[in-house]
Amino acid sequence: MHVVSFTRSTPDTAAKVWVDEEGQVTWGDVASVVNPWDEYSLEETIVQAKNCTGEATVIAIGPDIHDDALKHSIAMGIANALRIDEPNADIRDSLVWSALAAGAIRKLGNVELVIFGKESVDVATDQHTYQLARRLGWTMLSYVSNIIALDPDTGTIRVEQMLEQGKRVLSARLPAVISVMKGINEPRYPNFLGIRKAAKAEIPVWSAADMGVELPVAATAILAYHNPPVRDVATEIIAGKDSAEKAAILAERLFEEKIL
């Protein structure tokens, strides 16, 4: 059984991100990190491939900045990594991104399960996961909090799905695309041997032509980035003899400002 995960490098969530004088988004000299949500999908990919005596592959789409995320994945224990790079493609458009992702899955040929993290923190979206499932014609299972059973012999998967009101258990046929939640596992830390392996790894790069993909016309276009306006903020420390008096003063101020 072949299990695939997609990942990407993103700014550290603690990094300050801004638009520079050339209108480009930057976070300065702060190192990029693997998308935090992907740590759970990468761990689950390793676990499920091992449980099924299968193969694990990680894919990134975009320029070589994403090699860092791929090497982190290798250091964790994923055996195979590749990157899709198509300079003529606007991968910020999810339809274009999903076309390239579907091409990679089809070229690999024997994939039965694709695992995503909940979303990408830098763009705060997960629509590309649904679009990939639709392009492949596969089952889509989102918000998965537990893979209860994965049986390659019968071609089925059974998962626990997180809902606002609780949880439910679903069964589906493979192949499938799933997105997993924080808490499905405890992501491992790369060990020394894994880090050495990742440092030596040669990551193959595929283009749209390599995969036989005809790129769709992007449905969206980013015209410009702008920094948010600077906000003038005044801070006041509320004084009072005890917490109850401070809370009463705070509530009164909030009513005055019509916040409550």
Side-chain angles (χ1 to χ4, degrees), residues 1-10 33-49 56-62 66 69-70 72-73 78 81-84 86 89-108 111-148 150 157-164 167-168 170-185 187 206 208 211 213 215-216 218-220:
M1 181 171 184
H2 197 165
V3 185
V4 169
S5 186
F6 284 83
T7 191
R8 59 188 284 113
S9 296
T10 64
V33 298
V34 64
N35 176 42
W37 287 107
D38 292 346
E39 294 187 20
Y40 303 96
S41 57
L42 294 169
E43 175 67 25
E44 201 64 23
T45 297
I46 295 168
V47 170
Q48 297 303 326
T57 297
V58 60
I59 303 173
I61 299 179
H66 300 299
L70 292 174
H72 177 91
S73 306
I78 291 186
L82 67 95
R83 180 165 56 86
I84 313 302
E86 182 55 55
D90 185 356
I91 59 171
R92 296 171 298 183
D93 184 278
S94 57
L95 290 175
V96 174
W97 190 99
S98 62
L100 292 169
I105 295 299
R106 293 190 180 107
K107 184 174 173 64
L108 287 173
V111 180
E112 295 183 75
L113 181 63
V114 176
I115 305 179
F116 283 94
K118 176 178 175 288
E119 64 182 24
S120 299
V121 296
D122 54 341
V123 291
T125 183
D126 63 351
Q127 61 188 2
H128 55 292
T129 64
Y130 299 89
Q131 290 170 356
L132 173 61
R134 181 62 181 268
R135 286 188 183 279
L136 295 172
W138 293 7
T139 303
M140 177 71 216
L141 300 170
S142 57
Y143 302 105
V144 172
S145 56
N146 183 24
I147 297 179
I148 300 171
L150 180 62
I157 184 172
R158 191 164 180 253
V159 303
E160 185 177 76
Q161 188 180 49
M162 186 178 295
L163 303 175
E164 289 185 6
K167 296 181 179 180
R168 68 179 176 185
L170 297 173
S171 294
R173 300 288 301 176
L174 296 173
V177 177
I178 72 173
S179 63
V180 299
M181 303 294 290
K182 178 181 179 180
I184 191 171
N185 55 47
W206 293 353
M211 301 182 293
V213 172
L215 293 173
T220 59

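Both backbone and side-chain heavy atoms feed into the values below; hydrogens, waters and symmetry mates do not.
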| task | Apply side-chain hydrogen bond (donor to acceptor under 3.5 Å, both in side chains) to Gln161 and list each qualifying residue two or more places apart in sequence or on a separate chain. | result | Arg168
| field | Phe6 vs His128, ring pair (Phe, Tyr, Trp, His ring centres under 6.0 Å): CA-CA, chis, key distance, verdict | value | CA-CA 11 Å; Phe6 284 83; His128 55 292; 8.5 Å; no
Counting only pairs under 3.5 Å, give me each side-chain donor-acceptor contact of residues 139-146, with atom names and distances, residues two or more places apart or in other chains.
residue : atom : partner : partner atom : Å
Ser142  : OG   : Tyr130  : OH           : 3.3
Ser145  : OG   : Glu160  : O            : 3.2
Ser145  : OG   : Glu160  : OE1          : 3.3

| Min side-chain heavy-atom separation Met1-Leu174 under 4.5 Å | yes
| Less than 4.5 Å apart, any side-chain heavy atom of Thr57 and any of His2? | yes
| side-chain hydrogen bond (donor to acceptor under 3.5 Å, both in side chains) partners for Arg134, two or more places apart | none
| request: Give the minimum heavy-atom separation between Leu82 and Leu70, together with the two atoms involved. | output: O-CD1, 3.7 Å
| task | Measure the shortest side-chain to side-chain distance between Val34 and Leu42 over non-hydrogen atoms and say whether it is less than 4.5 angstrom. | result | yes
| request: Can you tell me which residue pairs pass the side-chain hydrogen bond (donor to acceptor under 3.5 Å, both in side chains) test with a partner in residues 96-106, sequence neighbours excluded? | output: Ser98-Arg135
| Passes side chain to side chain contact (heavy atoms under 4.5 Å, CB included), Val58 versus Thr45? Steps please. | CA-CA 9 Å; Val58 60; Thr45 297; over 6 Å; no
| request: Using side-chain hydrogen bond (donor to acceptor under 3.5 Å, both in side chains) as the criterion, list what pairs up with Glu86, not counting sequence neighbours. | output: none
| task | Return the set of residues passing side-chain contact (heavy atoms from CB on, under 4.5 Å) with Val33 (not counting sequence neighbours), or none when no residue passes. | result | Thr10, Asp12
